[in-house]
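A quick write-up on the structure given underneath.
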Protein chains: 2
Amino acid sequence: MKQDEGKCKTYLIHPNTVEKVLQDIPQEELLIDLADFFKIFGDTTRIRILSALFVTEMCVCDLSEVLGVSQSAMSHQLKTLRQAGLVKYRKEGKSAVYSLKDNHVKQIIDTGIIHITEQ
Amino acid sequence: MKQDEGKCKTYLIHPNTVEKVLQDIPQEELLIDLADFFKIFGDTTRIRILSALFVTEMCVCDLSEVLGVSQSAMSHQLKTLRQAGLVKYRKEGKSAVYSLKDNHVKQIIDTGIIHITEQ
DNA sequence: ATTATATATGAACACATGATCATATATAGG
DNA sequence: CCTATATATGATCATGTGTTCATATATAAT
């Protein structure tokens, strides 16, 4: 085995494979967006909010009541979820009624549950 | 509409619905584990590592070369991925060859890609 | 108009997290 | 045994993140 341009002196994979990896990995920007997307699910409060919205749409006030989260924290988190395109809301009198935007969310969370329960 | 034990004076959902939400939401501990699980995907470096391992198994050294990440940072991240049960490795001489542990990972990442590209 | 209720938001703060640096461990070769 | 190579790991540090607090905005009711 001749040494390669790679960092390892005793390389284990073929140079062509390294080349292939570099070609096959998705665009850097897509991966950044992807990480940002998953970051949303990486918080217990947000996961609980989404779980609650699986059952029914709810106003901010009821959401914070049900989950035991302060009104302010709830509002901040809902803003995050809105900006991520995971929830939508409509105004109804003084209230804002939040609901899930689509069902990718449930699909992703369910896959996660399957993974961790199978471990 | 009579006032309820809920926080909102003008409640929008039925008390029974609130009850149902509280019953239907998964166990608190499961949701914490779930958030911890997704937290792993919420980092660009880790997403890039997983993406590279989709193509082929690789040693630490080659991985850091391919992704342009320092050896130390790579080792730390691989430890995180190992502890999350997403990658496994075997020793081969001086090297440690890492690979994906199962294919839930690819499934989850693919679902994420579908979501963000459809937006 | 004034007051109460519902939600949103900016600032501050405490805590988590990821990278770096230095160093330890492990294995192979001479 | 000594050295070089590959990987792991603890400590430090800068940055990111989520909550709280105070306050602003919006709508409804009297």
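Note that the coordinates shown come from a computational prediction; the quantities given were computed from them, not determined experimentally.
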Taking [atom1] from [X] and [atom2] from [N], how many angstroms apart are they, rounded to a whole number?
X	N	atom1	atom2	answer
B/Arg90	D/dA6	CZ	P	16 Å
A/Glu65	C/dT5	CD	P	15 Å
A/Met74	C/dA8	CE	P	11 Å
B/Met58	D/dT7	CE	C1'	16 Å
B/Tyr89	C/dT27	OH	P	10 Å
B/Leu67	C/dG18	CG	C1'	16 Å
A/Glu92	D/dT27	CD	P	14 Å
A/Lys91	D/dT27	NZ	C1'	7 Å

For A/Phe38 and A/Phe41, take the angle between the two ring planes, folded into 0 to 90°, and tell me which bin it lands in: parallel under 30, tilted 30 to 60, perpendicular over 60.
tilted

Looking only at heavy atoms, what is the nearest atom pair of A/Leu53 and A/Met58, with distance?
CD2-N, 4.0 Å

Each nucleotide of nucleotides 9-20 of chain D classed B (base within 4.0 Å of a protein heavy atom), S (only sugar-phosphate) or -, in 5' to 3' order, makes BB------SSSB

Tell me which nucleotide among C/dA6, D/dT7, C/dA28 gets nearest to the side chain of A/Ser95.
C/dA6

Would one find a side-chain N or O of A/Tyr98 under 4.0 angstrom from OP1 or OP2 of C/dA6?
no

Side chain of [X], backbone of [Y]: donor and acceptor closer than 3.5 Å?
X	Y	result
A/Arg48	A/Leu67	yes
B/Thr80	B/His76	yes
A/Ser75	A/Gln71	no

Is there side-chain contact between A/Val97 and A/Tyr89, with heavy atoms separated by less than 4.5 Å?
no

